[in-house]
Amino acid sequence: MRRHYDEELENLHNLLVEMGNMCQEAIFMAARVLQDENAPKEAIDKKEKEIDKKEREIEQLCMHLILRQQPIASDLRRIGAALKMITDMERIGDQASDIADLARFISGKEKQGESQGHLWDMAQATVKMVTDSVTSFVNDDYDLALQVMKSDDRVDSLFEKIKCDIIDMIRNNQVEAESSLDLLMAAKYFERIGDHAVNIAEWVEYSITGGHENKED
């Protein structure tokens, strides 16, 4: 009986890794659409649906583990944390799709300067945060989860740089204000993806320690 239970927990880990990989792909797809207006938006829509489907699959497995296996307290925390994590991962997929939607309203002028580089840096940083947060859960790596929480400062810093860059371009009449706001919103979605990765890391912390010691009020 315990062997079967352990196998199901291992399956849960594998499914979470798969969902995390899907989120990484969606983030990079969104960044590419911002760089190249001819990049297919349909691919992100398909990836978003795959993420939604994976969320439902993991949710069903978690409910099965809770109702059928009656896990002990530590395992129950772990399964509960997984349920919270997939909600954040599903939202990451949604926001990657939102970024791609905004790309068609952003002209080449807004993509000039340092903003484009900062957006790509945000994409890379958030992908690493998502990867590390899921890895920390699978490996019970508390230190890695803490590192994810600290990494959010870099994403926030990049967002501020983009905001300042856009303000300067508007002030100098280099771009239209309305289109620039779409670029700023895209950057905001990347920032939110970073926040979701932090949420995942905080649930990893909860699954290991039983609390949120590093969560800010």
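Residues take their numbers from the sequence shown, with the count starting at 1.
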As an exercise, state the distance from CD1 of I58 to CD1 of I79, rounded to the nearest 0.5 Å. 13.0 Å
For the CE atom of M149 and the CE atom of M129, what is their distance to the nearest 0.5 Å? 10.0 Å
Nearest 0.5 Å, please: how far is CD in E202 from OG in S207? 12.5 Å
Can you pull the side-chain hydrogen bond (donor to acceptor under 3.5 Å, both in side chains) pairs that have at least one residue in residues 144-161, sequence neighbours excluded? E160-K163
Give a yes or no on whether a salt bridge exists between R91 and D94, defined as a side-chain N under 4.0 angstrom from a carboxylate O. no
Worked check of side-chain contact (heavy atoms from CB on, under 4.5 Å) between L119 and L183: CA-CA 9 Å; L119 281 169; L183 180 62; 3.4 Å; yes
Find out whether I193 and I99 are in side-chain contact, i.e. whether some heavy atom of one side chain is under 4.5 Å from a heavy atom of the other. yes
Nearest 0.5 Å, please: how far is CD in E90 from CD in Q95? 9.5 Å
Between T135 and D132 (side chain of the first, backbone of the second, donor and acceptor by atom type, cut-off under 3.5 Å), is there such a pair? no
Run the ring-ring contact (aromatic ring centres under 6.0 Å, His included) test against F137 and tell me which residues pass, sequence neighbours left out. H13
Electrostatic pair E57-K54, nearest N-O below 4.0 angstrom: yes
How would you list, by chain and number, every residue that makes a side-chain contact (heavy atoms from CB on, under 4.5 Å) with E59, sequence neighbours excluded? L83, I86
Can you hop from L144 to V138 via hydrophobic side chains spaced under 4.5 Å? no
Smallest separation among heavy atoms of A197 and V148, with atom names: O-CG1, 3.8 Å
Hey, would you say the W120 and F28 ring centroids sit under 6.0 Å apart? yes
Nearest 0.5 Å please: distance from the OG atom of S136 over to the CD1 atom of I208. 6.5 Å
L102 and A186: which non-hydrogen atoms are nearest, and at how many Å? CD1-N, 3.6 Å
Mind checking whether K47 and E50 have side chains closer than 4.5 Å, heavy atoms only? yes
Quick check: do I27 and V130 have side-chain heavy atoms less than 4.5 Å from each other? yes
Do E18 and N21 have side-chain atoms, one donor and one acceptor, less than 3.5 Å apart? no
Can you list the residues that meet the side chain to side chain donor-acceptor pair (under 3.5 Å) rule with E191, with sequence neighbours excluded? K188
Are side-chain heavy atoms of L65 and Y5 found at a separation under 4.5 Å? yes
Walk me through it: do I72 and L76 pass the test side-chain contact (heavy atoms from CB on, under 4.5 Å)? CA-CA 6 Å; I72 59 175; L76 186 59; over 6 Å; no
Identify the two heavy atoms, one from A145 and one from A201, that lie closest to each other, and give their separation to 0.1 Å. O-CB, 3.5 Å
Mind checking the CG-CD spacing from L15 to E55? Nearest 0.5 Å is all I need. 12.5 Å
Pairing of D195 and R192 as salt bridge, 4.0 angstrom limit: yes
Could you give me the CA-CA distance, side-chain angles and deciding distance for V155 and F159, then say whether side-chain contact (heavy atoms from CB on, under 4.5 Å) is met? CA-CA 6 Å; V155 176; F159 174 74; 5.8 Å; no
Mind checking what makes side-chain contact (heavy atoms from CB on, under 4.5 Å) contact with D101, not counting sequence neighbours? K41, S97, D98
Heavy-atom pair of closest approach, residues I92 and C23: CG2-CB, 3.9 Å
Taking all atoms of both residues into account, what is the closest heavy-atom pair of I44 and A100, and its distance? CD1-CB, 3.4 Å
For residues T126 and G194, report the shortest heavy-atom separation together with the two atoms involved. CG2-N, 3.8 Å
One pair to check against side-chain contact (heavy atoms from CB on, under 4.5 Å): H196 and N199. What are the steps and the verdict? CA-CA 5 Å; H196 286 304; N199 288 345; 3.9 Å; yes
Test ring-ring contact (aromatic ring centres under 6.0 Å, His included) applied to H64 - qualifying residues, sequence neighbours left out: none
